[in-house]
There are 2 protein chains.
Amino acid sequence: MEKIPEYCKVEDALGILVGKWKPIILLHLLQKGTLRFNELRRIMPEITQKMLTKQLRELEDEDIIDRVVYPQVPPKVEYSITKYGQTLEPILEAMHEWGMNHTMHKMKQKNM
Amino acid sequence: MEKIPEYCKVEDALGILVGKWKPIILLHLLQKGTLRFNELRRIMPEITQKMLTKQLRELEDEDIIDRVVYPQVPPKVEYSITKYGQTLEPILEAMHEWGMNHTMHKMKQKNM
DNA sequence: TGGTATAGTACACAAAATGATACTATGGAG
DNA sequence: CTCCATAGTATCATTTTGTGTACTATACCA
């Protein structure tokens, strides 16, 4: 394995990926391409409006997702992954797959 | 991309990977194989003792790292990645690499 | 006229994560 | 006798994250 440099870059990656919701939001966006605010809410019913807004803003600030506002009433706002955000796909995919196997691992431990 | 199942497994992966410190601890352990408590502290001077202890315990509980206590004074405790923990390597590698590129991305934005 | 839908914001509050600092036990070195 | 080193624990303060509820504007539908 390659040596970790003095100023460990992994922390930067984390700043963007961590939080209870970001990876899930990103996985859904990767999957569907584009989603409106309330579509995201319906997909993740446990997240509050405030949290969703906050996470989306942070991802937008980091240039991971795009936010397009249509001047309509009722409002319409579409979110999608930026080109740059797509570079996160390998990490998200790896997490997703690992998560699956991890569930199996736990089931074994508990003899389910 | 494959469809995300009802009960999204990514959250499980996250429970283990998130936290400001876990991926960094794991990367160092992957790199060095085995490290003592204070060696980890020296490598990551910003982490507090309490946090390091906590993160290590959590990783141990999840069967990601091993903790071996040598009955000596002063105490000696060695940490290493379990076989199961090694399955996280692809994620950690992906994060590490992405973190590097992300730093470049930011430098470009700021014209550094 | 009243209800529904959208994409939020504002405020009060609770809970969880993280941080700062001090403290412990004890063998060995000087 | 004093100080150092190790691998922690204990306590308190602060920061981040999350929850709950109420509120907004306005086109469309009945």
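All heavy atoms count here, side chains included; hydrogens, waters and symmetry mates do not. Lettering of chains follows the sequences in order, A, B, ..., and the numbering in each one begins at 1.
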Taken to the nearest whole Å, CD1/A:Ile25 to P/D:dG18 is 10 Å
For A:Lys54, the side-chain contact (heavy atoms from CB on, under 4.5 Å) test, sequence neighbours excluded, returns A:Met51, A:Glu58
Open item on the list: For a 4.5 angstrom cut-off between non-hydrogen side-chain atoms, does B:Lys22 reach B:Leu59?
Closed with: yes
Separation of D:dG18 atom P from A:Lys54 atom NZ, nearest Å, is 7 Å
Atom CE of B:Met51 and atom C1' of C:dT21 are separated, to the nearest Å, by 15 Å
B:Leu17 CG to C:dA17 C1', in whole Å, measures 17 Å
Q. With a 3.5 Å cut-off and no angle check, do the side chains of B:Tyr84 and A:His102 form a donor-acceptor pair?
A. yes
| said: If we ignore hydrogens and angles and just use 3.5 Å, is the side chain of B:Ser80 paired with the main-chain N or O of B:Gly33 as donor and acceptor? | reply: no
Quick check on C:dG19: is either OP1 or OP2 less than 4.0 Å from any side-chain nitrogen or oxygen of B:Trp21? yes
With sugar-phosphate taken as primed atoms, P, OP1 and OP2 and all else as base, the protein-contact string of nucleotides 1-15 of chain D at under 4.0 Å (heavy atoms; B, S, -) is ----BBBBB-BB---
Atom CG of A:Leu40 and atom C1' of C:dA7 are separated, to the nearest Å, by 12 Å
Here the distance between atom P of D:dG18 and atom CE of A:Met44, to the nearest Å, is 12 Å
**Report entry** Side-chain (A:Thr34) to main-chain (A:Glu78) donor-acceptor, under 3.5 angstrom
**Finding:** no
Excluding A:Val73, membership of its hydrophobic cluster (Ile, Leu, Val, Met, Phe, Trp, Tyr; side-chain heavy atoms within less than 4.5 Å) reads none
From CD of A:Gln55 across to P of D:dT17 the rounded distance in Å is 8 Å
